[in-house]
Number of protein chains: 2
Amino acid sequence: METIKYQLPESEVPKFWYNIAADLPQPPHPVLHPGTGQPVGPDDLAPLFPMGIIMQEVSTERYIEIPEPVRDILVQWRPSPLYRARRLEKALGTPAKIYYKYEGVSPAGSHKPNTAIAQAFYSKNEGVKRISTETGAGQWGSALSLAGSFFGLEIEVYMVRVSYDQKPYRRAFMESFGATCVASPSNQTNSGRAILEQDPDSTGSLGIAISEAVESAAQRDDTKYALGSVLNHVLMHQTIVGQEALKQFDMADDYPDIVIGCTGGGSNFAGLVFPFLGEQFRGGKQVDIIAVEPENCPSLTKGRYAYDFGDTGNLTPLVKMHTLGSKFVPPGFHAGGLRYHGMAPLVSLVTELGFVRPRAYTQLKTFSAGIEFARSEGILPAPEANHAVAAAIDEANRCKEEGSERTILFNLCGHGYFDMQAYTDYFSGNIHDQAYSSEEVAMALAGLPSVA
Amino acid sequence: METIKYQLPESEVPKFWYNIAADLPQPPHPVLHPGTGQPVGPDDLAPLFPMGIIMQEVSTERYIEIPEPVRDILVQWRPSPLYRARRLEKALGTPAKIYYKYEGVSPAGSHKPNTAIAQAFYSKNEGVKRISTETGAGQWGSALSLAGSFFGLEIEVYMVRVSYDQKPYRRAFMESFGATCVASPSNQTNSGRAILEQDPDSTGSLGIAISEAVESAAQRDDTKYALGSVLNHVLMHQTIVGQEALKQFDMADDYPDIVIGCTGGGSNFAGLVFPFLGEQFRGGKQVDIIAVEPENCPSLTKGRYAYDFGDTGNLTPLVKMHTLGSKFVPPGFHAGGLRYHGMAPLVSLVTELGFVRPRAYTQLKTFSAGIEFARSEGILPAPEANHAVAAAIDEANRCKEEGSERTILFNLCGHGYFDMQAYTDYFSGNIHDQAYSSEEVAMALAGLPSVA
């Protein structure tokens, strides 16, 4: 029997998160206060985040211990399997070896619970009763709802109005775990009311939802805010993915030449890639790292590396990242998790330093790749993950042309069970690649804060 | 760290299926030809099934080897985890230990691929090009579509018209794996055309869809038929579930006092229960076995143990089973996998012999139990599985009242990701328990074939 699955025992769930800040060739750029232009300190963030999280956000320690109550829950579905895609290799006729790390085994169906559980733990640990957050497509809101139910925390999710109306199943999933899901803009916050006054029929945006969730947390002592991507601590919580993969490659007596992840805010990408990049920074093997983003929201390939706000309402501090401008609203497309205007500062930095090759794909290409993958491997990927699948297939085909036996690894960060409308649209020919307007990007970039 | 997961290594995927026919206190009743009233032989079944499957259907060998190409695929998600529901135990405050075997880890999200892979293999092995089948809610059609894509077989699924229209996502899932999904009744078969002539707006039924799939297979040399439950070989393919659970209880140094499964056609129930019952038949520990069915389709608790047809169109042979009559159409409810008018003959026999305690639950009770489970354990069960969850909670509460420390095991046969409409209806108060009409059951039973 040829091995297709590398399954670590549960004792191998990582005991530490890996912090790439310890190994970077240069320190990360500081987060700035938008008013003063000065670096923000832990106290500035205290109204929004529990101190345990803030200290992780600014830490330069290489390894940070994962609390036992967090591991007690992660072990339910971790270590996640590393698969060798032998049937796909055969279908492609490639000499390449294709591996994928599968995060769809989590109860929320994606990598998001890896950080949601940790964030809920630190809030609970500091006496927080309630966490507010925003969600677009719903993956993050689902994961935090799950985490809230484990720790007995109230979860308040501001869900972009258009998704709230179009995706009642996501809402039902969050409510199943006891969360409250509010259509944003709402009447519950000043920022929501201000929008509704101007436009009572506003369909909302991720930026507005962030403003509402931040405001909700800032106004109540018993409430903190949680973010599902972008920030340093979120990326660090995801490094258990890459750490497990490293051990699984030991089992397979192999090592990747190429490592691939899709990028929206950057957390699933960093989770897989940073532990490999860390090995490289500490003298280990150099790997070819590919970040794949949608052509409709190409922050890494077409954005500017500059200081910008994290939200449309410009309530957050400024971070240095690849950005399309905080006012940029991408045209509609199905990979809802890849619609962010910016990129995680740490992912932006390593890309700027030349350690990552970014590329952008059209929707049609990614769906076609996802179907090809599903028919060989039996798992229907989430539309976001299809971006990584498409790059893995491209690289495998390149190996076939060149007759080279490279080892490819990609992150299959979630399954597509909640995204069947996207596949229905694909099969009925209703997916079109709407080119984003360069004028729009230029306009949004023109509005970058002056500190940039 | 308290153990919550018992994960066997992949080398422990069972190498044999367990055939309970070898250990039964009395031989199963023969399958009868409806015209002659005489037992049917393998040759009678040859137009519909591959011979490898037929020989399993009639075998009395205790163990039948699982072909390596089948195990090569099963290993992708097997052995499935056995979980200790410690958080649920705590929430209930019960001294009982609650374990569940989780089959939602398969790529189709339920136990169905365990037999779909095997059936596709035997068809492929005998040169079959195409498999026809029916599906109601879509779990079985999804699993066979997946299996077909692995073995390069064309899959033709007759999907009950009302589900075809109401569940476009299930259809999209099957099409993702290359299957053809046809709304039944269709114009592609005589039985379909006959129905449409009488009623062009027919919403279809499982019985009609079976007739169409059977006819499609009987008419083409390159096509066989596949069934997802009820028959002996299907139940046997599911026994890998219970065999793994036995080994996992060895790991846990425990053994169940109570084993619970939900019953529609009987396959997930038998898959978990038969290996434990086999131990008991061969002198092992006696277990309290509970079968849970919906009050809206109560074949085991209110049906008659008699010979009946497997389909509404009365094209199949006669089998002895608990039945509500082949013309019985249950009122609408959400556990689509539990809507069959009869029960697997082997499950019926062991129930009739007193080895199984059947019970029936209302929908509202099962959804309430599913939500309680999800909030503790993080997994939202399929509506079918909620029946088993409800019984496990009832038994755990009984242990609390009695102060007894029993060990409870149930089969969580699938997750609810594809069933969010059901949960949406539940939260919005749109689930009502429509009492079935005793007159309807009496009428359907009055129509039982005379051989009964």
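Predicted, not measured: the structure shown is a model, and the values here were computed from it. Naming convention: chains lettered A, B, ... in sequence-line order (proteins, then strands); numbering from 1 in each chain.
Nearest heavy-atom pair across A:Tyr417 and B:Gly109 is OH-N, 3.7 Å. Scanning all heavy atoms of the two residues, the minimum distance from B:Phe173 to A:Leu380 falls at CD1-CD2, 4.0 Å. The two residues B:Tyr423 and A:Ser176 have their closest heavy-atom pair at CD2-OG, 4.3 Å. Of all the heavy atoms in B:Pro107 and A:Gly378, the pair that sits closest is CB-O, 3.0 Å. Of all heavy-atom pairs between A:Thr424 and B:Ala172, the closest is OG1-CB, 3.4 Å.
In this structure, chain B has no heavy atom under 4.5 Å from any part of A:Ser428. Looking at A:Arg375, the atoms closer than 4.5 Å to chain B (heavy atoms on both sides) sit in the backbone and in the side chain alike. Neither the backbone nor the side chain of A:Arg171 comes within contact range of chain B; no heavy atoms are under 4.5 Å apart. Both the backbone and the side chain of A:Val75 come within less than 4.5 Å of a heavy atom in chain B. Heavy atoms of B:Arg84 lying under 4.5 Å from chain A are absent altogether. In this structure, chain A has a heavy atom under 4.5 Å from the backbone of B:Ser106, while its side chain stays farther away. Heavy atoms of A:Phe418 lying under 4.5 Å from chain B belong exclusively to its side chain. Contacts of B:Arg71 with chain A are made by both backbone and side-chain atoms, with heavy-atom separations under 4.5 Å.
Ranked by non-hydrogen atom pairs under 4.5 Å with chain B, the options A:Asp419, A:Val105, A:Ile73, A:Ile4 are led by A:Ile4. Among B:Glu2, B:Glu377, B:Glu68, the residue with the largest count of heavy-atom pairs under 4.5 Å with chain A is B:Glu377.
Rounding to the nearest 0.5 Å places CE of A:Met420 at 13.0 Å from NZ of B:Lys167.
Checked by atom type, the side-chain pair A:Gln76/B:Tyr83 shows no donor-acceptor distance below 3.5 Å.
For residues 364-371 of chain A, the interface with chain B (any heavy-atom pair closer than 4.5 Å) comprises A:Ile371, sorted by residue number. Residues of residues 136-157 of chain B that come within less than 4.5 angstrom of chain A, heavy atom to heavy atom, are B:Leu146, B:Ser149, B:Phe150 in numerical order.
Taking the six-membered ring where the residue is Trp, B:His415 and A:His415 present parallel rings, their angle staying beneath 30° rather than reaching 60°.
In this structure, the side chain of A:Lys5 does not engage the main chain of B:Glu10 through any donor-acceptor pair within 3.5 Å.
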